[in-house]
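Just so we're on the same page: letters track the sequence lines, and every chain starts at 1.
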Amino acid sequence: MKALLYQQLTSIIAELQYPSVEVLFDKPKVEAHGDLTTNVAMMLAKSVGKNPRIVAQSIVEKLPVNDLFLSSVEIAGPGFINFRFAANYVVENAKRILLEHDSFGKSNFANNKRTNLEWVSANPTGLLHAGHGRQVLLGQVIGNLLEWTGHIVTREYYFNNAGNQMRTLAESIYIRYCQELGEDLPFLEEGYKGEYIVDIAKEIIAKKGDSLKNVGDDKSYFQKYGEEWCFKKIKKTLARLNVKHDVFYNEDTLYSTGKIKEVVEEFRKKDLVYDSEGAVWFRATSFGADKDRVIVKSTGEPTYRLPDIAYHREKFRRGFELIVDIFGADHIATIPDVLNGVKALGYDTDAVKVIIHQMVSFVNGEEIVKMSKRNAKTYTLDDLIDEVGVDAVAYFFVMRSVGTHLEFDIALAKEQSDKNPVYYLQYAHARIASILRHAAEEKFAVDLPLVMNENTDYSLLKEKEEIDLLKKLLEFPELVQNCAVSFEPHRLTTYLREVAETFHRFYHEHRVINDDKALMQARLTVCLMTKIVIANGCKILSVSCPEKM
RNA sequence: GAUCCCGUAGCUCAAUUGGAUAGAGCAACAGCCUUCUAAGCUGUAGGUUCCGCGUUCGAUUCGCGGCGGGAUCACCA
């Protein structure tokens, strides 16, 4: 609806021989200010040397006002031009919702941009804890948003199954194994203390008995078993949330194919590294950091920075035009080093978008839920899903902007009542489904093909609540785009809540099922359109839409 | 001490990315079901947007300086 208005205004500005400016629209906060507003007059006022209201007046005079397009055009405040669309125009536009149905909201905005989305990337040393949920769902929804806006998305999980932490995992399992067999061994200070380690040990005993007690230094069986066990669990948890990665990228391939070495050599050539105290240091200070960083330890093992740099270079080499990483705030320190390293290798780091989300705290009503990684009683993501359900988990983790700390109220998420925002949204969907069921019993067209064939008289839709609802629904495609380009999934939850609210108001004010058959059919169509938008939005959010509640 | 994020109603958070009178939910109060799902709707009350200065037609939003909270500052990942 914006496009036409944009065209008209641009040509009017040219006709009036004003300097050309980009015409931008906003949706006014206050309903009295119309459906759309523009500040072009104020932008032009400076260069034209006239009062903005006068400039606005000269533009407005050239705009037609009728019931086919604009029902009103007004100048307000310091020089805003406010537009209100005619009901007919809104209704005509809304038909595209039916035509596009499942695809309503999709676009090829990004023109099939090859995109890599990396997230979760937890190493297979344990289970996903509840706090991981934010990252899991953010990535899921951002991936969906990117796909809906014309990105070809490769969903990727980067992991490391070598090094210190894996040795610690093997040791931890081994000690539990021996303890379960009756040995009185002290546990590792820095070992993984979670109960799952004991579970793994018990499984190994069931399979192997005590035959591995005297393996000596070679704990590779325990390591491999532990890794596979953890990965299986992690993937199972992700699957419960419908999360599926296309690529599991093993850090080890960066070593085995020589990519790590290659990076160090190139850094050396460019004098970006130097040797000191037996280690190799990256000149982070020449990129503005407060101190240089070790990238190869004196033991010869790289620190995490080096493989991270090599990995990001590989993403570029694999042909990705957009590289999205999602990290928790606890990883914030590593990001500048990695980006600087990749830049030094000659890649455009503008193509790398790093999304950092703040941490999550859990409350159960008044009570604060503690969870520590090394604590035996870890509150896992599975526990959380068991407690509040998949839909609430999916919705709650994305409903706040990534920059703020998220307080997850378990009691609220669990509550099946009006307090819970997930139910509010799902209730609207179920309510519509119920209306459609009733209508179907009376032989009304409620399925998409039927509605499309029906001679629905859309001009019967003129009530304020009907038009408001349709306007709201028509915002959906642009909203999806905005959420995608700004990487802000929470705005989708805000929007869907508004859709539900606008629908509930419509429902309350006007009966859908009534004696006026033609009007009833038109209103059924509005219901169907609303159902489509809620369903599409929920699909992006990975939240289900029940037909009944 | 340094870097990054945050500070908005009693609580949890929005605010179309610089717009007009800062909005929702919860909590509080007052109403609405013999008719399509009351898991809903309507209304009342609640604010010096942490403080100060600056940028401009216009600041919750941008800049600088404070104050407060969180995260991170390894030859751990």
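- Looking at every heavy atom in both residues, A/Met42 comes nearest to A/Pro52 through CG-CB, 3.9 Å.
- Residues forming a salt bridge (charged side-chain N to carboxylate O under 4.0 Å, His left out) with A/Lys29 (at least two apart in sequence, or on another chain): none.
- A close approach under 4.0 Å does occur between a side-chain nitrogen or oxygen of A/Lys29 and OP1 or OP2 of B/A20.
- Base engagement by A/Glu547 is indicated by at least one non-hydrogen atom pair under 4.0 Å involving a base atom.
- Using a 4.0 Å cut-off between charged nitrogen and carboxylate oxygen, A/Arg437 and A/Glu441 do not count as a salt-bridge pair.
- Following rounding to the nearest Å, A/Glu407 (CD) and B/U8 (C1') show an atom-to-atom distance of 16 Å.
- Residue-level contact check: A/Ser298 touches the bases, meaning some heavy atom is under 4.0 Å from a base atom.
- A/Lys50 has no side-chain polar atom (N or O) that falls below the 4.0 Å cut-off from OP1 or OP2 of B/C57.
- Between A/Phe396 atom CZ and B/A14 atom P there is a gap of 14 Å when expressed in whole angstrom units.
- Using a 4.0 Å cut-off, some side-chain N or O of A/Arg505 falls inside it from OP1 or OP2 of B/U42.
- Donor-acceptor pairing under 3.5 Å is recorded for the side chains of A/Tyr311 and A/Glu156.
- A close approach under 4.0 Å does not occur between any side-chain nitrogen or oxygen of A/Tyr304 and OP1 or OP2 of B/C75.
- Residue A/His510 is in base contact, counting any heavy-atom pair closer than 4.0 Å across all strands shown.
- Place A/Ile356 and A/Arg305 on RNA chain B by their nearest nucleotides, and A/Ile356 ends up nearer the 5' end.
- Interface remark: the A/Glu277 side chain does form a donor-acceptor pair with the B/C75 base, using a distance-only criterion of under 3.5 Å.
- Nearest heavy atom pair, residue A/Tyr192 against residue A/Ile197, reads O-CG1, 3.5 Å.
- Taking atom P on both nucleotides, B/G7 is separated from B/C62 by 10 Å, rounded to a whole Å.
- Take A/Glu475 and apply the salt bridge (charged side-chain N to carboxylate O under 4.0 Å, His left out) test, not counting sequence neighbours, and it matches A/Lys27, A/Lys472.
- When heavy atoms are screened at a 4.0 angstrom cut-off, A/His504 is found touching the sugar-phosphate backbone but no base atom.
- Judged by distance alone with a 3.5 Å cut-off, no donor-acceptor contact links the side chain of A/Asn39 to the base of B/A20.
- Residue contacts for A/Ser361: at a heavy-atom cut-off of 4.0 Å it reaches no nucleic acid atom on any strand shown.
- An OP1 or OP2 oxygen of B/A14 is reached within less than 4.0 angstrom by a side-chain nitrogen or oxygen of A/Thr404.
- The existence of a salt bridge linking A/Glu251 and A/Lys259 is excluded, since no basic side-chain nitrogen approaches an acidic carboxylate oxygen closer than 4.0 Å.
- Here the nucleotide nearest the side chain of A/Arg431, chosen from B/A14, B/C41, B/A38, is B/A38.
- Along RNA chain B, the nucleotide closest to A/Arg497 and the one closest to A/Ile513 are compared, and the more 5′ of them pairs with A/Arg497.
- When the C1' atom of B/C57 is taken as reference, atom CG of A/Leu44 falls 14 Å away, rounded to whole Å.
- At a cut-off of 3.5 angstrom, counting only N and O atoms as typed in the model, there is no donor on one side facing an acceptor on the other between the side-chain of A/Thr303 and the base of B/C75.
- Salt bridge annotation for A/Lys531-A/Glu547: present, with a cationic side-chain nitrogen under 4.0 angstrom from a carboxylate oxygen.
- Rounded to a whole angstrom, the distance from the P atom of B/G1 to that of B/A22 is 38 Å.
- Note that A/Arg431 lies in the cation-pi zone of A/Tyr507, set by a 6.0 Å cut-off to the ring centre and a 45° limit from the axis.
- Heavy atoms of A/Pro52 sit nowhere under 4.0 angstrom from any nucleic acid atom.
- The nearest whole Å value for the distance from the NZ atom in A/Lys531 to the P atom in B/U37 is 14 Å.
- We find that NZ of A/Lys414 is positioned 18 Å from C1' of B/C26, with the value rounded to whole Å.
- Note on A/Ser434: a base of the nucleic acid sits closer than 4.0 angstrom, heavy atoms only.
- Residue-to-nucleotide contacts include no donor-acceptor pair under 3.5 Å from the side chain of A/Asp26 to the base of B/G19.
- Annotation: B/U61 and B/C6 have their C1' atoms spaced 14 Å apart (nearest Å).
- Residue A/His33 is in base contact, counting any heavy-atom pair closer than 4.0 Å across all strands shown.
- In this entry the distance linking CD1 of A/Ile435 with P of B/U37 reads 7 Å, nearest Å.
- Between A/Lys27 and B/A15 there is no side-chain N or O to OP1 or OP2 distance below 4.0 Å.
- Side-chain nitrogen and oxygen atoms of A/Tyr424 include at least one within less than 4.0 Å of the OP1 or OP2 phosphate oxygen of B/C41.
- Within the nucleic acid shown, A/Ala430 comes within 4.0 Å of at least one base atom, counting heavy atoms only.
- B/C33 has its base syn relative to the sugar, with a glycosidic angle deviating from 0 by at most 90°.
- Considering only side-chain N and O atoms, A/Lys297 lies nowhere under 4.0 angstrom from the phosphate OP1 or OP2 of B/A74.
- Nucleic acid contact class of A/Ala76 (heavy atoms, under 4.0 Å, all strands): base.
- Residue A/Asn82 is in base contact, counting any heavy-atom pair closer than 4.0 Å across all strands shown.
- As rounded to whole Å, 17 Å separates atom C1' of B/A24 from atom OH of A/Tyr495.
- Using a 4.0 Å cut-off between charged nitrogen and carboxylate oxygen, A/Lys224 and A/Glu228 count as a salt-bridge pair.
- Between the side chains of A/Asn82 and A/Thr37, at least one donor N or O sits under 3.5 Å from an acceptor N or O.
- Taking 3.5 Å as the limit, the base of B/A20 and the side chain of A/Thr37 contain a donor-acceptor pair of atoms between them.
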Watson-Crick and G-U pairing of RNA chain B, under 3.5 Å, as dot-bracket with | and [ ]: (((((((..((((.....[...)))).(((((.......))))).....(((((..]....))))))))))))....
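- If you measure from atom NE2 of A/His490 to atom P of B/U16, you get 9 Å, rounded to the nearest angstrom.
- Residue A/His429 places no side-chain N or O under 4.0 Å from the OP1 or OP2 atom of B/A39.
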